[in-house]
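Just so you know, ligand 1 is whichever comes first in the structure, and atom 1 is the first atom listed for that ligand. Computed over heavy atoms, backbone and side chain alike; hydrogens, waters and symmetry mates excluded. The model shown is predicted, which means the values in this text are computed figures rather than measured ones.
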Amino acid sequence: MNTPLIELKAVKKIFYTEEVESHALSNISLSINRGEYISISGPSGCGKSTLLSILGLLDTASEGEYSLAGKQVANLSKAERAKIRNKEIGFVFQSFNLISDLNVEENVELPLTYRTDLTKAQRKSMVKEALQKVNMNHRSKHFPSQLSGGQQQRVAVARAIAGKPSIILADEPTGNLDTTNATAVMQLLDTLHKEGATICMVTHDPRAAMQTEREIKILDGKITADSQLNLPEAMSA
Ligand code: ADP
Ligand code: MG
């Protein structure tokens with residue numbers, strides 16, 4: 001009945017560089033339901049970004065199965081994957097990844113311009129709505145260089161949510177921010193989650209992980225812990 005939004009089964013990722021085989025992910029099986037707020041943590045090089053790239057259809061697994069909203073995606077063409085990615089996935093990166101010669105609203109609109117199902121008027125109204133959500137609509141004509149890191153990351157979050165994706169994937173979204181801005185971005189993700197967004201966030205920050213509802217720990221390409229956090233009092237009593 002309730003198909004998970006995401007289901008990975010025995011996923012492996014091997015990178016081949018020169019003569020070296022690097023097993024970035026060993027045997028990852030994972031289900032994510034709609035509405036979950038998940039953190040992924042683990043030491044540098046353990047495979048977190050690789051996992052997020054596979055979840056976000058930026059990369060493919062070497063072995064194993066991946067279904068997104070009940071659809072097998074492992075064997076789709078590059079173009080089909082790009083189409084699903086544009087519609088279903090919102091990315092937030094540590095380094096914001098805004099385009100410096102586009103202004104705020106152009107940055108937020110950019111991923112929507114690849115969507116053939118949207119009119120220009122629909123795109124404009126989605127951009128406006130997203131910028132309002134992150135409280136950056138008063139900066140829509142500014143360029144990234146005119147914004148603080150925290151403001152740039154809020155714009156990046158707006159870009160991620162504008163297309164109303166099924167899931168937001170965030171790779172260390174507070175990694176380049178000071179405490180005040182990091183707290184603001186975490187509050188924003190928390191609000192989006194409370195409004196129903198499904199979020200999967202890689203983080204080094206234990207306080208950020210504590211704010212999520214489920215913590216997945218990875219070591220050497222394997223899941224070593226997968227625990228529910230922040231249970232309502234009635235359940236944890
Ligand atoms: P994390 O995000 O947890 O720091 P990564 O997923 O970036 O870790 O990397 C996991 C492992 O895979 C590392 O050993 C890394 O060197 C390797 N790796 C990641 N991307 C590539 C790539 N494009 N080519 C070769 N090796 C890679
Ligand atoms: Mg990483």
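Annotation: side chain of E36 is in contact with side chain of Q228 (closest heavy-atom distance under 4.5 Å).
For atom 2 (O) of ligand 1, the nearest protein heavy atom lies under 4.0 Å away. There is a protein heavy atom closer than 4.0 angstrom to atom 13 (C) of ligand 1.
Between E109 and K124, at least one side-chain N (NZ, or NE/NH1/NH2) sits under 4.0 Å from a carboxylate O, which counts as a salt bridge.
In this structure, N75 places its CG atom where only 12 or fewer heavy-atom neighbours from other residues, nucleotides or ligands lie under 6.0 Å away. For D220, the CG atom counts as loosely surrounded, since its 6.0 Å shell holds 12 or fewer non-hydrogen atoms of other residues, nucleotides or ligands.
Nearest to atom 7 (O) of ligand 1 among the protein's heavy atoms is S49 CB, 3.8 Å. Among all protein heavy atoms, the one lying closest to atom 23 (N) of ligand 1 is F15 CE2, 3.7 Å. Closest protein heavy atom to atom 16 (O) of ligand 1: S22 OG, 4.9 Å.
The nearest N, O or S atom of S49 is closer to the Mg ion (ligand 2) than 2.8 Å.
In summary, of the residues considered (S67, S31, S29), a side chain to side chain donor-acceptor pair (under 3.5 Å) with E7 occurs for S31 alone. Looking at R139, M136, R159 one by one, the single match for side chain to side chain contact (heavy atoms under 4.5 Å, CB included) with R154 turns out to be M136. No option in I167, N97, L169, D171 other than L169 meets the side chain to side chain contact (heavy atoms under 4.5 Å, CB included) test with F91.
Here's the thing with G45: one of its N/O atoms is less than 3.5 angstrom from an N/O atom of ligand 1. Not a single N or O atom of A24, backbone or side chain, sits closer than 3.5 Å to an N or O atom of ligand 1.
Proximity annotation for atom 9 (O) of ligand 1: of L219, T17, T50, I40, T50 comes nearest, heavy atoms only.
The closest approach between any non-hydrogen atom of G42 and ligand 1 is not below 4.0 Å.
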